[in-house]
Amino acid sequence: MGEHPSPGPAVAACAEAERIEELGPEADERPPAAPEDHWKVLFDQFDPGNTGYISAGKFRSLLESHSSKLDPHKREVLLALADSHADGQICYQDFVSLMSNKRSNSFRQAILQGNRRLCSKALLEEKGLNLSQRLIRHVAYETLPREIDRKWYYDSYTCCPPPWFMITVTLLEVAFFLYNGVSLNQFVLQVTHPRYLKNSLVYHPQLRAQAWRYLTYIFMHAGIEHLGLNVVLQLLVGVPLEMVHGATRIALVYVAGVVAGSLAVSVADMTAPVVGSSGGVYALVSAHLANIVMNWSGMKCQFKLLRMGVALICMSMEFGRAVWLRFHPSAYPPCPHPSFVAHLGGVAVGITLGLVVLRNYEQRLQDQTLWWIFVAMYTIFVLFAVFWNIFAYTLLDLKLPPPP
């Protein structure tokens, strides 16, 4: 961002609140300080006694005197922070979190407490929005349970970068499916074609030492009926989640579900291959549904009970299809059809790691105790599955299907 020259500290502080970004060099042309040092200099201007606190009243007066320069929703958030301090003081860490947009847990609690004192119009009641603004508002109400978070997201979202991860994964899955359909001359139940398992992307128990297969199997689907539902769920659920939580977090949940799915098959259904992106899809969808249930009163999406029912029915139908296919007589015995256990691995990731991600919008995950607990559980599972794949197949003297 460009510089915001200011004649004095009050206007400089207002520019901070307006942008919620780092300031450029100060107007007196001193060399720019490190971010923490710069916040300290700003803070000390309001704390001449070096007590570590500034008056919430002064902070509020500063915001109100320059309210015309602030986005109305961000102004509400800043006023909520000031109102939340019953002792009339704001500590240095809250000040830094506010100005640098690092919304820590304590900062969120302060916002929520202060927001209860605000009697402002809900985002849903605002009129005169254009199509893109209505879309962003719709996504906010679909994914976030707190009004203050919805307003923060609505004001902060710029569509830069766009939700590229889910769209890219979906396009690749469709492209690989079409390529296989043309090469096999079969689009429905491709998995029954005798050459299907020869593809180097499919996870096969005899080729489990080829580590890439634990991830690349998502680009192979049993048929158009398998691909269709996964693509629909990825676009309807995954894209809005990525718009709100970002590509990094959603990719983390998705990939963790994919890897957990293939590892779960290698442990619980040792003779079966794996295809399809259901592990990642079920991780995202189950995390989203669990977040809705746990924040039922706060979620304001329309027809949420009906839509949850439809989502559960679709997931159950897809899971039922996978179970039926697994036990259906194989087209290439003695190798069975692909396993359904990857779905369960994805659900397990969704209601643990995924739920923590979705419940902590713009919060530092490393500050969440549950996050570390679930990361430890996931790591233990991965290590266990790796050792299982190395030793268990030999110790159990399991008869595996021949390599494709």
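- Nearest heavy atom pair, residue Pro273 against residue Val265, reads O-CG1, 4.5 Å.
- Ring centroids of Phe165 and Tyr254 are separated by less than 6.0 Å, placing the two rings close together.
- Annotation: side-chain hydrogen bond (donor to acceptor under 3.5 Å, both in side chains) contacts of His343 (sequence neighbours excluded): Ser278, Glu318.
- In the model, Tyr214 has a side-chain atom that pairs as donor or acceptor with a side-chain atom of Asn389 under 3.5 Å.
- Counting only heavy atoms from C-beta outward, the side chains of Pro338 and Met220 never approach each other to under 4.5 Å.
- A distance-only check finds a donor-acceptor pair linking the side chain of Asn130 to the backbone of Gln133 [under 3.5 Å].
- Listed for the Gln190 side chain is a donor-acceptor partner under 3.5 Å among the backbone atoms of Gln186.
- For the residue pair Ala264 and Phe381, the shortest heavy atom distance occurs at N-CZ, 3.9 Å.
- Shortest non-hydrogen contact noted between Arg195 and Ser183 is NH2-O, 2.9 Å.
- Judged by distance alone, the side chains of Gln206 and Tyr393 never bring a donor and an acceptor atom under 3.5 Å apart.
- In this structure, Asn291 contributes its side chain and Ala287 its backbone to no donor-acceptor pair below 3.5 Å.
- A side chain to side chain contact (heavy atoms under 4.5 Å, CB included) with His337 is found for one member of Val275, Leu325, Leu189 and no other, namely Leu325.
- The main-chain N or O of Gln368 is never found under 3.5 Å from a side-chain atom of Gln366 such that the two would form a donor-acceptor pair.
- When all heavy atoms are compared, the tightest approach of Ala283 to Gly257 is CB-CA, 4.0 Å.
- Tyr217 contributes a side-chain N or O that, together with a main-chain N or O of Val258, makes up a donor-acceptor pair within less than 3.5 Å.
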Inset, instruction - Take His221 and Val191 through the test side chain to side chain contact (heavy atoms under 4.5 Å, CB included) and record every step on the way to the result. - result: CA-CA 8 Å; His221 285 79; Val191 72; over 6 Å; no
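- Atom OH of residue Tyr157 and atom CG of residue Leu135 lie 8.0 Å apart, to the nearest 0.5 angstrom.
- Among residue pairs with one or both ends in residues 292-309, those qualifying as salt bridge (charged side-chain N to carboxylate O under 4.0 Å, His left out) are Glu142-Arg307; sequence neighbours excluded.
- Residues Ser200 and Thr216 approach most closely at O-OG1, 4.4 Å, considering heavy atoms.
- Between the side chain of Arg150 and the main chain of Ala140, no donor-acceptor pair closer than 3.5 Å is present.
- No hydrogens or angles considered: nothing links the side chains of Gln210 and Tyr203 as a donor-acceptor pair under 3.5 Å.
- Here the straight-line distance linking atom NE2 of His288 with atom CG of Leu355 works out to 12.0 Å at 0.5 Å rounding.
- Taking each heavy atom of Leu353 and Ala256 in turn, the nearest pair found is CD1-CB, 4.4 Å.
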Inset, instruction - Let me see the working for Leu172 and Thr170 under side chain to side chain contact (heavy atoms under 4.5 Å, CB included), right down to the final yes or no. - result: CA-CA 5 Å; Leu172 286 174; Thr170 301; over 6 Å; no
Inset, instruction - List the steps and the verdict of side chain to side chain contact (heavy atoms under 4.5 Å, CB included) for Val349 and Tyr378. - result: CA-CA 8 Å; Val349 169; Tyr378 186 84; 3.8 Å; yes
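- One finds the NE2 atom of His138 at 9.5 Å from the OG1 atom of Thr143 (value rounded to the nearest 0.5 Å).
- Not one N or O on the side chain of Ser156 forms a donor-acceptor pair closer than 3.5 Å with the backbone of Tyr153.
- The CD atom of Glu173 lies 3.5 Å from the OG atom of Ser277; values are rounded to the nearest 0.5 Å.
- Partners of His193 under the ring-ring contact (aromatic ring centres under 6.0 Å, His included) rule, at least two apart in sequence or in another chain, do not exist in this structure.
- Test Trp324, Tyr282, Phe319 against Phe340 for ring-ring contact (aromatic ring centres under 6.0 Å, His included) and you get one pass: Phe319.
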Inset, instruction - Please test Val356 against Phe374 for side chain to side chain contact (heavy atoms under 4.5 Å, CB included), starting from the C-alpha separation and ending with a verdict. - result: CA-CA 9 Å; Val356 173; Phe374 291 143; 3.5 Å; yes
